[in-house]
Structures are given as C-alpha cells and as structure tokens.
Amino acid sequence: RAKETGRARTVTYSPRDQGPPEHDISLEAAMFNAVREGEFQLYYQPIVDARNRTIEGFETLMRWKHPTLGMVPPGRFIPIAETNGLINLLGAWALKAACMQVRQFEEVAGRELYISVNISPRQFRNDKFLAVLDDALALSGTPGRQLVLEITEGTLMVDPLHAESVLARMAERGARIAIDDFGTGYSSLAYLKRFPISVLKVDRAFVKDLPQAAKDAAICGAVLDLARHLDLSVVAEGVETEEQLAFLDNLGCQYIQGYLTGKPMPAHVALAALKEDLYTELLPADIRTGKR
Ligand code: C2E
Ligand code: MG
Ligand code: MG
Ligand code: MG
C-alpha cells in the first residue's frame, strides 16, 4: 500500500526526478488524446523455462508512443491513469487484446502458451472488472487456464474481503493469480495462506545484484523454498545475465523473465521469436542448450 500511495503522490506533487507538476498535467491531457488517437500499444515479454529456455508465456506490457515526447514509460503514465480512472478503459482494452493475441501466438508455436496481464489496484476494485474478464475470455475463446492476472500485494491488502471474493471468481474461470513485485510490498505472508495464489514473481530488486549480493541470494533462496512448500511457481524478473540465470536455476527457480531471454517486444517480433523456438526444437539437444 505504501508503494501505491507513493505512486499516486507522484501525480500531485511530482518528486524531483519526475519533472515539474505542469508536465504531469499536460501529460494527463495528452493521455485522453492518446486514447482517441490510438497511441497505446501492447508489448510482450517472453517468460521462459530456466532449463531449456522454451517460451512458456508472455507478459503484456503497455506502451505509449507519443508523437513528440516519444516513448512514455508505463512508470509515468500508469499512475496517472490510476488516479484519473483511465486505467479501467486502458486495462480492459489490454486484457481483451492480450487474450486475442495469445491465440495467434499459439497458432504459430503449435502448443499451448499463457498470457500474463497486469491488473492495477483500481481496475481490480472496479465493479465491472469481472464482466470485462468474461468478455475478454469469451471474445477471444481463450480458456481461463491460459490467463495469468498479475496483481501486487497492495491490491490484496486494501480490502481483503473484497479481494477474496474477486479472486474466488477469477479462480472459477480457471485464471491464475500471480503476485507481482513479490517481496517489495507492505504486507504479511498471511495472504499467501488466505488467497488462491499460483505464481510469485520475484522482483528485479532481488535479482539485479545476483549472484554476488549475499542477502539477495538468501532472499531468493528463501522465496523459492517457500514457494516449493506452498506449491507455487516462481518467475524471476529482470534476469539480464547468464550468471543470474545459472544461479537462479541452481536454487530451483523454474521460470525466468528478463532482457537475457527476451525484451518486451511488439507482437510481430514475438511471433518471430516463437518461430525461432520452433526451429531450434528440431536441433540436437547439445546445440539447442545455450542458444541466444
Ligand atoms: P512489472 O509488471 O513488474 O513489469 C516488469 C517490468 O520490468 C517491465 O517494465 C519490464 O520491461 C521490465 N523488465 C523486464 N525484464 C527486465 C530486465 O532484464 N531488466 C530491466 N532493467 N527491466 C526489465 P515496464 O514495461 O516499464 O513496466 C513497468 C511497470 O508498469 C510494470 O511492472 C507494471 O507495474 C506497469 N505496467 C506495464 N504495463 C501495464 C498494464 O498494461 N497495466 C497495468 N496496470 N500496469 C502495467
Ligand atoms: Mg507485471
Ligand atoms: Mg513484475
Ligand atoms: Mg517489477
């Protein structure tokens, strides 16, 4: 919750590193225009098996290509959208588009893939959220089991009773729940017992200084132990080096997401990556490992 408050505050007061307040106000005005002009796009980042680097799924990441400002990072515009409510519209669009996109990914890959979509706290609390989710699944024909919804610890803690019922209804549809930025939130571990969670996404903060940083190594090890005992899967975020991958693999981390195995990319590039995967599957195992 601390993180969310911090994010919301950047909109009103704009801390030094985010430029003057006027900038955010004009950015907000530009956002409404951007929706009309279709300046928002979805990028997809591969989530791969740490052992053989096969693509298991993709995380959907929103991009805003402003005609003069260039790429506006989601760290800038998502908090604004969260404050003015535009996130409900953008989020619904992302959910539907991502569920459609995964069908094309699968067709090219020739096997089942999943799609992971970030759900902001406000979206999660919106009373139309479950209807949007049903629409996304129905329109695309994507089975619920192929959808992962990424939420943060804060989203669960704002109103745990409400969260419990929304999560139960997501689970009814077969959708899996991932805790994003795991370990950086302001909450107890009790929610892992209370809520039907399937995936922990270890934040990049614990990965970026591996393998040297002893404390980060200990935290990653402990999270993986915890996940094993609770029967959760783990995705390590922000893996940039072979050393990090090898270290996490040794700890028993099954899934990796990071620049090493693929940056966020437009759908057509992701499709090309899937085709490449298809070809490398035909190669002998000794050549296949160590690819890319
Ligand atoms: P997140 O969900 O934790 O997404 C992971 C972020 O880490 C992404 O940043 C991704 O580009 C970045 N990343 C992945 N691998 C690496 C790496 O190896 N090195 C480094 N340095 N970074 C890596 P991005 O795309 O800028 O998104 C930032 C945040 O914005 C996301 O964090 C998520 O909280 C939010 N966001 C993005 N798209 C959406 C969306 O469609 N809806 C909502 N509600 N939030 C979104
Ligand atoms: Mg995420
Ligand atoms: Mg994340
Ligand atoms: Mg993160």
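All values below were derived from every heavy atom in this structure, side-chain atoms included, with hydrogens, water molecules and symmetry-related copies excluded. Please read all numbers here as calculations on a predicted model, not as lab measurements. When a ligand or atom number is given, it counts from 1 through the structure's own listing order.
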Point to revise | Pair Arg169-Glu172, salt bridge (charged side-chain N to carboxylate O under 4.0 Å, His left out): steps then yes or no | key: CA-CA 5 Å; Arg169 293 168 69 188; Glu172 274 168 22; 5.2 Å; no
**Study point:** Glu59 and Asn118: CA distance, side-chain angles, deciding distance, side-chain hydrogen bond (donor to acceptor under 3.5 Å, both in side chains) verdict
**Key:** CA-CA 8 Å; Glu59 178 174 4; Asn118 293 287; 2.8 Å; yes
Exercise for review: Go through the steps for Arg125 and Asp159 under the test salt bridge (charged side-chain N to carboxylate O under 4.0 Å, His left out), then give the verdict.
Suggested key: CA-CA 9 Å; Arg125 283 197 306 275; Asp159 184 352; over 6 Å; no
Exercise for review: Report the C-alpha separation of Gln45 and Lys263 in whole Å, then their side-chain angles, then the decisive distance to 0.1 Å, and conclude whether the side-chain hydrogen bond (donor to acceptor under 3.5 Å, both in side chains) test is met.
Suggested key: CA-CA 6 Å; Gln45 185 176 29; Lys263 290 195 171 180; over 6 Å; no
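Nearest-heavy-atom check against atom 30 (O) of ligand 1 across Ala81, Pro74, Pro46 picks out Pro74. The heavy atom nearest to atom 15 (N) of ligand 1, out of those in Arg76, Met71, Gln45, is found in Gln45. The option from Asp203, Ile78, Leu42 that lies nearest to atom 39 (C) of ligand 1, judged by heavy atoms, is Ile78.
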Enumerate donor-acceptor pairs with a distance under 3.5 Å from any side-chain N or O in residues 136-145 to protein atoms, sequence neighbours excluded.
| from | atom 1 | to | atom 2 | distance (Å) |
| --- | --- | --- | --- | --- |
| Ser140 | OG | Ala136 | O | 2.6 |
| Ser140 | OG | Leu137 | O | 3.3 |
| Ser140 | OG | Thr142 | N | 3.1 |
| Ser140 | OG | Thr142 | OG1 | 3.2 |
| Thr142 | OG1 | Cys99 | O | 2.7 |
| Arg145 | NE | Glu112 | OE1 | 3.4 |
| Arg145 | NE | Glu112 | OE2 | 2.9 |
| Arg145 | NH2 | Glu112 | OE1 | 2.9 |

Result block: side-chain N/O donor-acceptor pairs under 3.5 angstrom for residues 218-231, not counting sequence neighbours:
| from | atom 1 | to | atom 2 | distance (Å) |
| --- | --- | --- | --- | --- |
| Asp225 | OD1 | Arg228 | NH2 | 2.6 |

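Of all atoms in ligand 1, numbered sequentially from 1 with element shown, those under 4.0 Å from a heavy atom of Ser120 are 44 (N). Residue-ligand proximity, Glu240 to ligand 1, at heavy-atom distances under 4.0 Å covers atoms 17 (C), 18 (O), 19 (N), 20 (C), 21 (N). Close contacts of ligand 1 with Asp181, meaning ligand atoms under 4.0 Å from a residue heavy atom, involve 3 (O). Those atoms of ligand 1 with a heavy atom of Asp180 less than 4.0 angstrom away are 1 (P), 2 (O), 3 (O).
The minimum distance between the Mg ion (ligand 2) and any N, O or S atom of Asp180 involves atom OD2. The Mg ion (ligand 2) lies closest to atom OE2 when only the N/O/S atoms of Glu59 are considered.
Heavy atoms of Glu59 come nearer than 4.0 angstrom to ligand 1 in at least one pair. Heavy-atom separations between Arg63 and ligand 1 include at least one value shorter than 4.0 Å.
Taking distance alone, with nitrogen or oxygen atoms compared against 3.5 Å, Ile87 stays at or beyond that limit from ligand 1.
The shortest distance between side-chain heavy atoms of Leu260 and Glu242 falls below 4.5 Å. Looking at heavy atoms from C-beta onward, Met62 lies in side-chain contact with Leu90 at the 4.5 angstrom threshold. In this structure, Leu248 and Ile256 have side chains that are in contact, with non-hydrogen atoms separated by less than 4.5 Å. Between Glu164 and Val166 the shortest side-chain heavy-atom distance does not fall below 4.5 Å.
Here Lys263 has no heavy atoms under 4.0 Å from ligand 1, in either its backbone or its side chain. When non-hydrogen atoms are compared, ligand 1 lies under 4.0 Å from the side chain of Pro264 (C-beta onward) but not from its backbone.
At a threshold of 2.8 Å, the Mg ion (ligand 3) has a backbone or side-chain N, O or S atom of Glu237 nearer than that distance. Among the atoms of Glu150, an N, O or S atom falls under 2.8 Å from the Mg ion (ligand 2). Residue Ser116 does not count as close to the Mg ion (ligand 2), with no N, O or S atom under 2.8 Å.
Using a 4.0 Å cut-off between charged side-chain N and carboxylate O, Glu150 and Lys201 make a salt bridge.
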